[in-house]
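Written below as structure tokens is the structure these notes are about.
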Amino acid sequence: MKEFEYFAPKTVEETLSLLSRYKEEAKIMAGGQSILVLMRQGLLAPEYVIDIKGISALDYIAYGEEKGLRIGALTAHRDIEKSQVIQKHFKVLSEMERNLATIQTRNWGTIGGNLCYGHPTGDPAPVLIALDAKLKLAGPGQERMVEMEAFTKDILEVDLRPDEILIEIQIPTPKPHTGTAHDKLMIMQGDTGIVGAAISITLSPGNGVCEDARIALSGAASIPWRAKEAERRLIGKAINDALLEEAGQIASEGADPPSDVHGSAEYRKEMIKVFVKRVGRMALERAKER
Ligand SMILES: Cc1cc2nc3c(=O)[nH]c(=O)nc-3n(C[C@H](O)[C@H](O)[C@H](O)COP(=O)(O)OP(=O)(O)OC[C@H]3O[C@@H](n4cnc5c(N)ncnc54)[C@H](O)[C@@H]3O)c2cc1C
């Protein structure tokens, strides 16, 4: 690994001032679970590494009915998985985390690092899109909000300027009669998903018709991809298996998955049909219970 200068700031302000000074020559490190792999492989060779894991002010989980859920960018996957508040109000997040990597990686890897890495098979992004999350970014003298849906631009490319960091993930409290579910195709427990689906369904009280639906997929394109046409197939209808199959078919036709050692594009397209139907059923059942 190429030598680099190492900084361990303890505040966001200190971090931003280092980023302003070193700009593109610097790289942020949070849990190091992805960036260190790239550095070891020689794919990334920053002059300066800014290790932000010690900024305790960005490690928190806070919930209020009105404000919804707030997660600090440096919160470890394992803390999200184990949080009582998340298990109670946002069970899908805890379930997603339980299937992400190994306990060792979950102990060190952070939710913010995962999102900023911008990998199309990352598990948190589709779940956060289904939950309509927003991200708070901090730059010199200002903060800005970005929809999770618009944050990933391409493979390993996100909407972050070289002098900005992600500080918080904000998730609104879901409407009543909303159910959200996630599942992914993995060869072994904790594997990176070949494809994954996160689906949120809101039912109209009384008649059980689908009032809103959000379908977000991983491994289906170069970014976490929202299957809007498939969503439209569900909205305004009483959802049943046949309709979920149609939504899966539409999502599969619209997807543009890669072919790699884990599966061909054709295989992924078939699996998208299976997972939209399977996860859609789970989300529907949950929406009926709430
Ligand atoms: C063996 C293994 C298996 C894995 N399996 C899965 C899986 O199944 N599903 C899955 O989704 N992920 C998986 N991952 C990814 C992992 O869990 C982490 O979520 C991910 O590596 C990033 O977290 P990190 O905190 O370690 O980030 P780092 O590696 O420290 O950083 C990743 C990138 O984000 C940037 N960054 C980090 N934090 C910030 C911030 N706050 N603001 C701005 N930029 C920032 C860094 O500069 C870097 O470019 C796996 C990783 C490993 C090693």
Side-chain angles (χ1 to χ4, degrees), residues 7 9-31 34-35 44 46 48-77 79-80 86 90 93 109-120 122-174 198 200 214 216 218 221-226 228:
F7 297 95
K10 292 283 179 269
T11 64
V12 171
E13 294 70 31
E14 227 185 305
T15 306
L16 294 178
S17 124
L18 285 165
L19 279 179
S20 293
R21 196 182 320 155
Y22 297 119
K23 302 208 164 60
E24 279 90 351
E25 287 177 290
K27 247 343 213 170
I28 294 289
M29 179 167 81
S34 295
I35 195 172
L44 201 66
Y48 306 95
V49 170
I50 304 172
D51 177 356
I52 59 171
K53 186 83 168 154
I55 306 180
S56 52
L58 295 186
D59 180 1
Y60 57 86
I61 294 168
Y63 173 73
E65 178 100 30
E66 238 172 64
K67 281 194 159 179
L69 184 67
R70 301 276 191 270
I71 306 177
L74 288 174
T75 308
H77 295 294
D79 292 332
I80 297 171
I86 288 180
F90 295 88
L93 270 178
T110 65
I111 182 94
N114 188 295
L115 300 177
C116 293
Y117 188 51
H119 202 280
D123 298 319
V127 176
L128 293 173
I129 292 171
L131 291 170
D132 198 13
K134 292 184 176 52
L135 308 182
K136 192 197 266 190
L137 313 178
Q142 59 159 19
E143 291 179 351
R144 66 181 176 109
M145 299 296 301
V146 181
E147 306 253 343
M148 178 65 238
E149 193 185 331
F151 185 62
T152 320
K153 296 292 183 196
D154 206 341
I155 301 172
L156 307 190
E157 200 184 310
V158 295
D159 181 11
L160 255 186
R161 292 194 281 262
D163 57 0
E164 283 181 323
I165 60 166
L166 169 62
I167 55 172
E168 186 177 78
I169 296 110
Q170 302 184 352
I171 307 168
T173 300
S200 191
R214 295 173 74 91
S218 55
S222 60
I223 56 170
W225 181 63
R226 190 165 163 204
K228 289 191 181 173

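Note that the coordinates shown come from a computational prediction; the quantities given were computed from them, not determined experimentally.
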Minimum-distance pair of heavy atoms, taken over all atoms of A216 and A130:
CB-N, 4.4 Å

Please tell me if the side chains of L156 and H119 come closer than 4.5 Å, counting only heavy atoms from C-beta onward.
yes

Is Q170 close to M145 at the side-chain level, that is, under 4.5 Å between some pair of heavy atoms?
yes

For D51 against A30, the heavy-atom pair lying closest together
OD1-O, 4.0 Å

Closest non-hydrogen atoms of I55 and P9, given as atom of the first, atom of the second and distance, are CG1-O, 3.6 Å

CD1/I155 to OG/S222 distance, rounded to the nearest 0.5 angstrom?
5.5 Å

Counting N and O atoms only, with roles assigned by atom type, does the side chain of E14 sit under 3.5 Å from a partner on the main chain of K10, one being a donor and the other an acceptor?
yes

Measuring from F151:CZ to L128:CG, what's the distance to the nearest 0.5 Å?
11.0 Å

For P124 and H77, which heavy atoms make the closest approach, and how far apart are they?
CG-CE1, 4.3 Å

Verify side chain to side chain contact (heavy atoms under 4.5 Å, CB included) between E65 and Y63, making sure each step is shown before the conclusion.
CA-CA 7 Å; E65 178 100 30; Y63 173 73; 4.3 Å; yes

Kindly indicate, with the supporting measurements, whether the criterion salt bridge (Lys or Arg N to Asp or Glu O under 4.0 Å) is fulfilled by D132 and R214.
CA-CA 8 Å; D132 198 13; R214 295 173 74 91; 3.4 Å; yes

If you round to the nearest 0.5 Å, how far is CD1 of I50 from CD1 of I28?
4.5 Å

Go through the steps for L166 and V146 under the test side chain to side chain contact (heavy atoms under 4.5 Å, CB included), then give the verdict.
CA-CA 10 Å; L166 169 62; V146 181; over 6 Å; no

Say you draw a straight line from CD1 of I35 to NZ of K27; how long is it, rounded to the nearest 0.5 Å?
5.5 Å

Does L19 form a side chain to side chain contact (heavy atoms under 4.5 Å, CB included) with I165? I'd like the steps, not just the answer.
CA-CA 9 Å; L19 279 179; I165 60 166; 3.6 Å; yes

Using a 4.5 Å cut-off on heavy atoms from C-beta on, say whether the side chain of S218 contacts that of P224.
no

Without swapping roles, check the side chain of T75 against the backbone of Y60 for a donor-acceptor pair under 3.5 Å.
yes

Measure the shortest side-chain to side-chain distance between P174 and F90 over non-hydrogen atoms and say whether it is less than 4.5 angstrom.
yes

Give, for atom CD1 of I71 and atom CD1 of I169, the distance between the pair rounded to the nearest 0.5 Å.
6.0 Å

By side chain to side chain donor-acceptor pair (under 3.5 Å), S200 pairs with (sequence neighbours left out) T180

What's the verdict on salt bridge (Lys or Arg N to Asp or Glu O under 4.0 Å) for K134 and E149, showing C-alpha distance, side-chain angles and the deciding distance?
CA-CA 8 Å; K134 292 184 176 52; E149 193 185 331; over 6 Å; no

Kindly compute the distance separating OG1 (T15) from CD (E164), expressed to the nearest 0.5 Å.
13.5 Å

Which atom pair, heavy atoms only, marks the closest approach of L16 to G139?
CD1-O, 3.5 Å

Within the 4.5 Å heavy-atom criterion, are V158 and L115 side-chain neighbours or not?
no

Trace of the side chain to side chain contact (heavy atoms under 4.5 Å, CB included) decision for L93 with I171
CA-CA 11 Å; L93 270 178; I171 307 168; 3.7 Å; yes

Non-hydrogen atoms of R70 and K67 that approach each other most closely:
NH1-O, 2.7 Å

Note, R161 side chain near R144 side chain (heavy atom, < 4.5 Å)
yes

